[in-house]
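Below is one structure, written out as structure tokens, with a few remarks after it.
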Amino acid sequence: MADCCVLSEMQIMKAKKILFITQEMVPFSPSTLKSEMGRYLPQGIQEQGHEIRTFTPKWGNINERRNQLHEVIRLSGMNLIIDDTDHPLIIKVASIPAARMQIYFIDNDDYFMKRLMICDENGEEYDDNGERAIFYARGVLETVKKLRWVPDVIHCHGWITALAPLYIKKAYADEPSFNETKVVFSLSSPEFQKDLGQHAAECIPFKTVKMSDFAELCTDKFGYDELQKIAVKYADGVVMDDENVNADVVAYAQSLNLPILPYQSKETMKAAYSEFYEQIVGQ
């Protein structure tokens with residue numbers, strides 16, 4: 001009996017709080033390698049004994065009625081100012097009962113309502129994808145503050161999450177929810193081609209974040225690889241989301257001596273990611 005009590009205490013001590021800021025997940029978004037990872041990685045980490053929270057954008061093709069989304073009034077209502085314009089932050093939730101997971105959705109009429117992930121119905125990439133990434137990152141972090149939940153590790157997964165590491169380490173560095181948090185970012189092969197533009201880069205500064213904090217990474221262009229490098233610069237570790245990540249981005253991560261977790265299959269990811277989070281927290 002005593003041995004059982006000791007084991008229970010050890011398991012509790014080992015448990016970590018992991019926040020997943022993800023781009024897409026089934027069953028809410030169409031099935032892709034990234035949406036499958038967004039769905040099953042948090043579940044796997046929870047099964048490893050960790051406490052989790054998961055956020056994803058409320059893309060326009062997510063059926064609210066079928067997926068039983070509902071707004072959380074106490075978390076909604078804040079306005080985020082981007083490019084001198086107020087954008088209301090709306091928080092919705094849904095659950096995946098089979099996995100005992102609750103999912104938080106970031107929504108906004110300007111950036112997500114009736115709008116798809118990267119391109120419109122005609123395949124044209126949205127001109128404001130950069131601003132959408134800014135809104136999503138800041139929206140998640142403001143909501144976590146309201147939840148008064150303090151994550152040990154924040155795992156950012158997908159291009160639209162790439163500015164979160166910068167904001168966590170700079171704009172929110174003194175916030176009790178984030179001042180000791182470690183950040184992991186998933187590197188992946190390019191998902192869009194269009195240059196986000198200098199205007200989008202100029203919208204990033206917020207609180208203590210200045211252009212000088214990332215300007216050297218996007219002097220000539222602010223595209224997919226530059227967005228990933230900004231995330232890498234402020235991450236505590238990176239993982240390979242697929243096997244075709246731009247070698248230049250990987251080399252940049254290596255130049256910073258960051259821990260790098262190689263690409264994992266669905267079968268190995270649960271244990272490998274759990275160990276990687278433990279490594280990052282302990283460094």
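Excluded from the calculations below are hydrogen atoms, water molecules and symmetry mates; all remaining heavy atoms, backbone and side chain alike, are included.
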Between Gln43 and Glu47: side-chain donor-acceptor atoms closer than 3.5 Å: yes
Single-linkage hydrophobic cluster, 4.5 Å side-chain cutoff, Tyr167 and Ile81 together: no
Donor on one side chain, acceptor on other, Asp242 and Ser189, under 3.5 Å: yes
Within 6.0 angstrom of Asp174 CG, more than 12 heavy atoms from elsewhere: no
Verdict with supporting geometry, Phe214 and Phe222, side-chain contact (heavy atoms from CB on, under 4.5 Å): CA-CA 11 Å; Phe214 58 88; Phe222 181 33; over 6 Å; no
Salt bridge (charged side-chain N to carboxylate O under 4.0 Å, His left out) contacts in which one or both residues fall within residues 189-208, not counting sequence neighbours: Lys34-Glu191, Asp127-Lys194, Glu175-Lys207
Chi angles and distances behind the side-chain contact (heavy atoms from CB on, under 4.5 Å) call for Ile168, Ile154: CA-CA 9 Å; Ile168 292 164; Ile154 297 177; 3.6 Å; yes
Side-chain ion pair, Asp213 and Lys170, N-O less than 4.0 Å: yes
Test item: side-chain donor near acceptor, Glu142 and Tyr172, under 3.5 Å: yes
Residue pairs passing the side-chain hydrogen bond (donor to acceptor under 3.5 Å, both in side chains) test where at least one lies in residues 109-119, sequence neighbours excluded: His87-Asp110, His87-Tyr111, Arg115-Asp128
Under the side-chain hydrogen bond (donor to acceptor under 3.5 Å, both in side chains) test, residues paired with Gln254 that sit two or more places apart: none
Close aromatic pair by centroid cut-off 6.0 Å: His155 and Phe185: no
Met113 reachable from Ile134 in the ILVMFWY side-chain graph, under 4.5 Å edges: no
Heavy-atom side-chain contact between Val93 and Phe105 under 4.5 Å: no
Test: Lys266 cationic atom under 6.0 Å from Tyr40 six-membered ring centre, within 45° of axis: yes
Within-4.5 Å side-chain heavy-atom neighbours: Ile82 and Arg138: yes
Main-chain N/O of Gly139 paired to Thr143 side chain as donor or acceptor, under 3.5 Å: yes
Residue list, ring-ring contact (aromatic ring centres under 6.0 Å, His included) with Phe192, at least two apart or on another chain: Trp159, Tyr224
Distance-only donor-acceptor check, side chains Glu71 and Ser76, under 3.5 Å: yes
Thr161 side chain to Gly158 backbone, donor-acceptor under 3.5 Å: yes
Exceeds 12 heavy-atom contacts within 6.0 angstrom, atom CD of Glu180: no
Salt bridge (charged side-chain N to carboxylate O under 4.0 Å, His left out) between Lys16 and Glu51, worked out: CA-CA 6 Å; Lys16 297 288 186 292; Glu51 183 181 341; over 6 Å; no
Ion pair check, Lys92 and Glu64, cut-off under 4.0 Å: yes
Chi angles and distances behind the side chain to side chain donor-acceptor pair (under 3.5 Å) call for Gln23, Thr56: CA-CA 6 Å; Gln23 176 170 301; Thr56 192; over 6 Å; no
Arg53 to Phe20 six-membered ring, cation-pi geometry met (6.0 Å, 45°): no
Presence of salt bridge, Glu36 and Arg39, under 4.0 angstrom: no
Linked hydrophobic residues, Tyr126 as query - side chain contacts closer than 4.5 Å: Leu116
Donor-acceptor pair, side chain of Thr54 and main chain of Ile103, under 3.5 angstrom: no
If you look only at distance, which donor and acceptor atoms sit under 3.5 Å apart when one is on a side chain in residues 244-252 and the other is two or more places apart or in another chain?
unit_1: Asn246; atom_1: OD1; unit_2: Asp248; atom_2: N; d: 2.8
unit_1: Asn246; atom_1: ND2; unit_2: Asp225; atom_2: OD2; d: 2.5
unit_1: Asp248; atom_1: OD2; unit_2: Lys229; atom_2: NZ; d: 2.6

Non-hydrogen side-chain atoms of His50 and Lys17 separated by less than 4.5 Å: no
Taking every non-hydrogen atom, the tightest pair across Leu75 and Ile91: O-CG1, 3.6 Å
Nearest atoms (heavy-atom pairs only) where Pro151 meets Ser177: CD-O, 3.4 Å
